Structure formats: C-alpha cells, structure tokens
*Asks:* 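Sharing a structure, written as structure tokens. Questions coming.
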Amino acid sequence: MTACQNDPTHNAVPGPLALVPAAASPAPLSVNKSIALADDETACVVDSYEFRVVCRARGGEEVIAFGREGDGPGEFRSLRLAARVSPGRLGVVDGRLNRLTLFDATGDRVSEVAFPPMYLVDGIRQATLFGYEVDRMASSPGDSILPRIYSEVDINSGDVTWTRGGINGIADTECGGLHHGVPRPAEGYVFWACRRELVFFDANDADAATVVTSPAYRDELPSERDVEDFSEGLMRLGGRMAMPRSAAAPYVETFREETKRWFNAPHALVFDSKDRLWVAITLDRDAFSYFEIWIGTEYAGSVRVRDRAMGFDLFQNTLAVLVERQPGPDGIAPRGIDWYDIRDLDCRVSEADRGCRLSPGGTTR
C-alpha cells in the first residue's frame with residue numbers, strides 16, 4: 001500500500017499530496033530525460049551512452065533493450081525521445097538522423113519515417129508527431145525567444161498535417177513568447193511560457209488564448225544540483241563537447257543568480273487518462289519533486305514524489321517518474337524509475353473544495 005499525507009504549503013493554496021511509490025526499478029545513467037510507459041507494467045528509458053532504449057518491469061527486471069550506434073534500420077545517432085504510440089508500441093525519435101522508428105513490445109522494428117531536418121519533436125500523441133521549427137525569417141537579433149512554426153506530422157507517412165507560425169504574438173505573456181506545448185485532449189494546445197505561465201488555446205488555429213499563472217508559484221534560486229545540470233548541458237551537445245568550461249563559466253554564474261523557471265523542461269506537460277494536465281515543476285527537485293494538476297484551465301492541486309524528477313509518463317492508473325537518487329560517495333547520482341498507482345487520486349477545482357486527495361475509501365499503492 002502507498003501512504004499519503006498532506007504537507008504544509010507556503011501559499012494560500014492546498015498543500016501537495018505526498019505519494020509513496022508502489023515499486024522502484026533501476027535505470028541506466030543517461031543524458032536523455034525521456035521515459036515512456038509502454039503499458040502499466042513496463043517503462044522504457046533512453047540509454048544515451050549505449051545508443052539504445054531499455055525497458056524495465058515494475059519489479060526491476062529488464063524486459064527488453066534494443067538499438068545500437070549506427071545509421072541503419074533500428075540504429076541511432078542521437079536519441080531525443082521515446083514515447084508510447086499505443087499500448088505496447090513505442091516511437092523513438094533520432095534528432096541527428098531526423099527519423100522516427102516504431103518498435104513493438106518485443107523490440108522489433110515495425111516501421112520508420114523521416115521528418116524535416118530542422119524539425120524539433122516535442123512528443124507523440126496517437127499517430128502524430130508534434131513539435132516546431134525555428135522561424136528564422138521572422139526572427140530578429142536580440143530575440144529572447146525565437147519565433148517558432150508549430151506543426152504536426154503523420155507518423156506513418158511523414159506528411160505535415162498542420163502547421164502554424166506567428167503564434168507568439170497572440171498570447172499576452174510576460175516575455176512575449178511560448179516554449180514547449182502539447183495537444184489538448186479534444187482540440188487545441190497548451191504551452192508553457194516565460195517562468196510561470198501556462199497558455200491554453202481552445203483550437204489549433206484559435207486567434208486568442210487564455211494565459212494563467214500557477215497560484216502555487218514562488219521564486220526560487222537554483223540549487224547546486226540545478227547549477228551542475230545547467231553547466232553540463234552547456235558543455236555537451238548530442239554527447240559531444242559543445243562549450244569549454246572556461247567559456248561556460250559566465251553563463252553558469254548568471255544562471256546561479258537568476259530565479260529559475262517554474263517548469264521542469266523539456267517534457268513538462270502530460271495529460272492523463274482523465275484529461276487532467278500534469279505539470280512537472282522545478283520546486284525543490286532534491287529530496288522531493290512536485291507536479292501541479294490542472295483540470296481545463298483551472299489549477300486543481302499538486303502532488304509530491306520522492307527524489308529529483310527528470311521525466312515522467314502516465315498510462316491509465318499509473319504514474320512513472322524517472323528520477324535521480326541522492327548522489328553517492330563518488331558524487332554520481334544513480335537513476336531509477338518510481339511507480340505510483342493514481343487510481344484513487346481525486347483533484348478538485350471549486351473555491352470551496354480545491355486540492356488533490358484520495359477519494360473516499362480509496363488507497364493508492
């Protein structure tokens with residue numbers, strides 16, 4: 001069984017519901033933060049050092065591992081994303097080869113399709129890739145956020161089925177732009193923007209948006225683990241050195257002194273089977289990590305999980321969180337997968353009754 005409790009909070013909003021994992025599995029060390037639930041018993045993560053995808057069961061045993069370095073079928077150069085296409089079927093995105101490959105539950109390659117060379121994939125929803133390209137024609141020197149052309153690509157044909165540019169000017173955000181987004185369950189998109197805003201579009205081509213700020217937001221400076229992650233990111237690009245440490249130092253010091261963004265990128269937004277939006281945030285991310293839960297455009301509450309969340313996925317009643325444990329004596333933080341049963345998680349948005357809790361008589365395990 002999973003024990004749960006409500007924590008005190010720093011804001012005039014209900015405190016987070018603390019979840020205890022039902023199970024834990026090991027995960028390989030990796031630069032990549034992607035995790036995909038193939039089903040409610042199998043989670044797959046990217047092993048970037050071995051150019052492969054590793055799938056493990058709740059009990060920790062390895063179910064399957066597939067892929068190797070190379071350019072051929074089923075091989076990888078720069079693993080960007082692993083995501084569930086349907087139960088038991090995964091899509092794996094290679095950013096350097098501009099290729100999506102579909103695999104079944106046994107690790108056998110099903111198909112592959114190319115996507116545009118400058119296309120940056122944010123995720124997969126059913127039979128569609130979604131992501132963006134930088135709109136270089138609309139960009140200007142000094143842009144804090146480069147304008148983007150958002151689009152969707154059919155995973156079977158590689159055809160672009162929807163595209164839209166000029167979206168930054170529609171939403172009235174603090175910084176005038178949008179970052180990563182995901183399709184909403186029925187129609188439209190939700191993006192995160194600036195340091196603390198969510199932007200909801202009711203339709204893909206809507207000419208207006210709803211901008212909301214988390215009521216739980218608070219300013220927080222980066223921790224030493226945050227600073228270390230940022231520094232390593234500057235010095236590595238696709239597994240290769242991108243910037244020498246001496247050149248990175250000024251950027252690292254600036255990062256250290258600025259309030260960190262609220263959203264735990266790159267894949268901070270995921271919808272569950274009840275159409276609730278889970279938002280990974282950057283609060284703490286040392287002993288604990290936190291997720292906000294939104295219903296429609298309304299904040300419903302938050303939950304707390306253990307350790308430093310790197311990525312997460314949801315499938316039916318299961319939440320799987322890819323985490324870094326506390327660093328060992330050698331300074332290396334081992335990775336793991338924590339499993340949570342969320343079948344009895346009840347989140348509400350009314351002013352009289354707001355927050356996340358266990359439904360009456362329910363338990364999570």
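Just so you know, these numbers come straight off a predicted model, no measurement behind them.
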*Asks:* Between Arg325 and Asp307, does any side-chain N to carboxylate O distance fall below 4.0 Å?
*Replies:*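 Looking at Arg325 and Asp307, the cut-off is met.
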*Asks:* Heavy-atom distance under 4.5 Å between the side chains of His267 and His180, does that happen here?
*Replies:*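 No - every pair of side-chain heavy atoms lies 4.5 Å or more apart.
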*Asks:* Linking I/L/V/M/F/W/Y whenever their side-chain heavy atoms sit closer than 4.5 Å, directly or via other members, would Leu129 and Ile149 fall into one cluster?
*Replies:*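 Result: no, two separate clusters.
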*Asks:* First locate atom OG of Ser289, then atom CD1 of Ile281, and finally report the distance between them rounded to the nearest 0.5 Å.
*Replies:*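 Answer rounded to 0.5 Å: 9.0 Å.
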*Asks:* What are the two closest non-hydrogen atoms of Ile124 and Val85, and how far apart are they?
*Replies:*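 Reported closest heavy-atom pair: CG2-CG2, 4.0 Å.
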*Asks:* Could you tell me which non-hydrogen atom of Glu62 sits nearest to which non-hydrogen atom of Val54, and how far apart they are?
*Replies:*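 In terms of heavy atoms, the two residues are closest at OE1-CG1, 3.9 Å.
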*Asks:* I'd like to know whether Phe288 forms a side chain to side chain contact (heavy atoms under 4.5 Å, CB included) with Val305, so could you lay out the CA-CA distance, the side-chain angles of the two residues, the decisive distance to 0.1 Å, and finally the verdict.
*Replies:* CA-CA 6 Å; Phe288 302 104; Val305 299; over 6 Å; no
*Asks:* Go through the steps to decide whether Leu97 and Phe76 satisfy the test side chain to side chain contact (heavy atoms under 4.5 Å, CB included), and finish with yes or no.
*Replies:* CA-CA 8 Å; Leu97 297 177; Phe76 307 112; 5.7 Å; no
*Asks:* Who clusters with Val349? Use side-chain heavy atoms, under 4.5 angstrom, across I, L, V, M, F, W and Y, and order the result by chain and number.
*Replies:*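 Same cluster as Val349: Ile295.
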*Asks:* Regarding Arg96 and Asp94, does a basic nitrogen lie under 4.0 Å from an acidic carboxylate oxygen?
*Replies:*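 Looking at Asp94 together with Arg96, the answer is no, because their closest N to O distance does not fall below 4.0 Å.
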*Asks:* Just one of Trp262, Phe263, Phe312 clears the ring pair (Phe, Tyr, Trp, His ring centres under 6.0 Å) bar with Phe291, so which one?
*Replies:*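 The option that passes is Phe312.
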*Asks:* Applying ring-ring contact (aromatic ring centres under 6.0 Å, His included), name anything that partners Phe255, two or more places apart in sequence or on another chain.
*Replies:*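 Expected list: Phe230.
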*Asks:* What residue pairs, at least two apart or across chains, pass disulfide bond (SG atoms under 2.5 Å apart) with a residue in residues 34-118?
*Replies:*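 For residues 34-118: Cys44-Cys55.
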*Asks:* Assigning hydrophobic clusters by single linkage (Ile, Leu, Val, Met, Phe, Trp, Tyr; side-chain heavy-atom cutoff under 4.5 Å), is Val31 placed with Leu81?
*Replies:*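 Different clusters: Val31 never reaches Leu81 through Ile, Leu, Val, Met, Phe, Trp or Tyr contacts under 4.5 Å.
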*Asks:* Just jot down the side chain to side chain contact (heavy atoms under 4.5 Å, CB included) partners of Thr318, sequence neighbours excluded, or say none.
*Replies:*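 Counting only residues at least two positions away or on another chain, Thr318 forms a side chain to side chain contact (heavy atoms under 4.5 Å, CB included) with Leu37, Asp40, Arg58, Trp339.
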*Asks:* Below 4.0 angstrom, N of the basic side chain to O of the carboxylate: do Glu324 and Arg285 qualify?
*Replies:*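 So Glu324 does not pair with Arg285 through a salt bridge.
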*Asks:* Can you sort out the partners of Val212 under side chain to side chain contact (heavy atoms under 4.5 Å, CB included), two or more places apart, ordered by chain and number?
*Replies:*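 Leu198, Phe200, Thr210, Trp294.
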*Asks:* Is the closest basic N to carboxylate O distance between Asp286 and Arg308 below 4.0 Å?
*Replies:*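 Between Arg308 and Asp286 there is no salt bridge, as every charged N stays at least 4.0 Å from the carboxylate O atoms.
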*Asks:* Calculate, to the nearest 0.5 Å, the distance between atoms OG and CZ belonging to Ser78 and Phe51 respectively.
*Replies:*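 Going from the OG atom of Ser78 to the CZ atom of Phe51 covers 8.0 Å.
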*Asks:* When you look at CG of Asp108, are more than 12 heavy atoms from neighbouring residues, nucleotides or ligands closer to it than 6.0 Å?
*Replies:*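 Above 12, so yes.
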*Asks:* To check you understand the geometry: which heavy-atom pair defines the closest contact between Ala171 and Ala209, and what is its length?
*Replies:*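 So the two residues come closest at CB-CB, 4.3 Å.
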*Asks:* Tell me whether Val303 is reachable from Ile342 by hopping between hydrophobic residues (I, L, V, M, F, W, Y) whose side-chain heavy atoms are closer than 4.5 Å.
*Replies:*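 Result: yes, single cluster for both.
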*Asks:* Are any of the side-chain nitrogens in Glu69 or Arg77 under 4.0 Å away from the carboxylate oxygens of its partner?
*Replies:*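 Judged by the 4.0 Å cut-off on N to carboxylate O distance, Glu69 and Arg77 do form a salt bridge.
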*Asks:* Arg148 and Leu178: which non-hydrogen atoms are nearest, and at how many Å?
*Replies:*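 Heavy-atom minimum between the residues: NH1-O, 4.1 Å.
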*Asks:* Can you tell which of Glu258, Glu220, Glu174 makes a salt bridge (Lys or Arg N to Asp or Glu O under 4.0 Å) with Arg195?
*Replies:*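 With Arg195 as partner, salt bridge (Lys or Arg N to Asp or Glu O under 4.0 Å) holds for just one option, Glu258.
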*Asks:* Let me see the working for Ser350 and Asp353 under side chain to side chain donor-acceptor pair (under 3.5 Å), right down to the final yes or no.
*Replies:* CA-CA 5 Å; Ser350 69; Asp353 186 13; 5.1 Å; no
*Asks:* May I ask you to decide whether Asp47 forms a salt bridge with Arg52, counting only side-chain N to carboxylate O separations under 4.0 Å?
*Replies:*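 Yes, this pair counts.
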*Asks:* Could you give the distance from CG (Leu90) to CZ (Phe103), rounded to the nearest 0.5 Å?
*Replies:*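 One gets 9.0 Å once the value is rounded to the nearest 0.5 Å.
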*Asks:* Which residue pairs pass the salt bridge (charged side-chain N to carboxylate O under 4.0 Å, His left out) test when at least one of the two sits in residues 204-215, sequence neighbours left out?
*Replies:*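 Residue pairs with at least one partner in residues 204-215: there are none.
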*Asks:* For the atom pair OG (Ser111) and CD1 (Ile155), what is the distance rounded to the nearest 0.5 Å?
*Replies:*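 Answer rounded to 0.5 Å: 7.0 Å.
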*Asks:* Any salt bridge linking Asp202 with Arg184? Criterion: basic side-chain nitrogen under 4.0 Å from a carboxylate oxygen.
*Replies:*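 Yes.
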*Asks:* If Ile, Leu, Val, Met, Phe, Trp and Tyr residues are connected whenever their side-chain heavy atoms lie under 4.5 Å apart, and connections chain through other members, are Phe115 and Tyr150 in the same group?
*Replies:*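 Not linked; separate clusters.
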*Asks:* Which heavy atom of Leu345 sits nearest to which heavy atom of Cys356, and what is that distance?
*Replies:*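 Taking Leu345 first and Cys356 second, the nearest heavy atoms are CD1-CB, 4.1 Å.
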*Asks:* Taking Arg256 first and then Glu253, would you say they form a salt bridge - that is, a charged N and a carboxylate O separated by under 4.0 Å?
*Replies:*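 Answer for the salt bridge query: yes.
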*Asks:* Applying the 4.5 Å side-chain criterion to the ILVMFWY set and letting contacts propagate, would Leu322 and Ile64 be lumped into a single cluster?
*Replies:*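 Different clusters: Leu322 never reaches Ile64 through Ile, Leu, Val, Met, Phe, Trp or Tyr contacts under 4.5 Å.
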*Asks:* Is Ser25 reaching over with its side chain to a backbone N or O of Ala57, donor-acceptor style, under 3.5 angstrom?
*Replies:*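 The answer is yes, because a donor-acceptor pair under 3.5 Å joins these two groups.
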*Asks:* Would you check, one step at a time, whether the test side chain to side chain donor-acceptor pair (under 3.5 Å) holds for Asn32 with Ser30?
*Replies:* CA-CA 5 Å; Asn32 191 280; Ser30 179; 5.4 Å; no
*Asks:* Between the main-chain N or O of Asp71 and the side-chain N or O of Glu75, is there a donor-acceptor pair closer than 3.5 Å?
*Replies:*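 The answer is yes, because a donor-acceptor pair under 3.5 Å joins these two groups.
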*Asks:* Starting from the C-alpha separation in whole Å, work towards a yes-or-no answer on side chain to side chain contact (heavy atoms under 4.5 Å, CB included) for Asp346 and Asp344.
*Replies:* CA-CA 6 Å; Asp346 179 22; Asp344 296 311; over 6 Å; no
*Asks:* For side chain to side chain contact (heavy atoms under 4.5 Å, CB included), just list the numbers for Val160 and Trp162, CA-CA rounded to whole Å, side-chain angles, deciding distance to a tenth of an Å, and then say yes or no.
*Replies:* CA-CA 6 Å; Val160 176; Trp162 169 78; over 6 Å; no
*Asks:* Hey, does the side chain of Thr161 reach the backbone of Asp154 with a donor-acceptor pair shorter than 3.5 angstrom?
*Replies:*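 A pair under 3.5 Å: no.
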*Asks:* In terms of side-chain geometry, is the basic nitrogen of Asp341 or Arg343 positioned less than 4.0 Å from the acidic oxygen of its partner?
*Replies:*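 Arg343 and Asp341: salt-bridged.
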*Asks:* Taking all non-hydrogen atoms of both residues, which atom of Arg306 and which atom of Tyr340 are closest, and how far apart?
*Replies:*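 Minimum heavy-atom separation between Arg306 and Tyr340: N-OH, 3.4 Å.
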*Asks:* Ring-plane angle category for Tyr189 and Phe191, please: parallel below 30°, perpendicular beyond 60°, tilted otherwise.
*Replies:*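 Ring orientation, 0 to 90° scale: parallel.
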*Asks:* Can you tell me if Glu292 and Ser214 form a side-chain donor-acceptor pair at under 3.5 Å?
*Replies:*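 Present: a donor and an acceptor within the cut-off.
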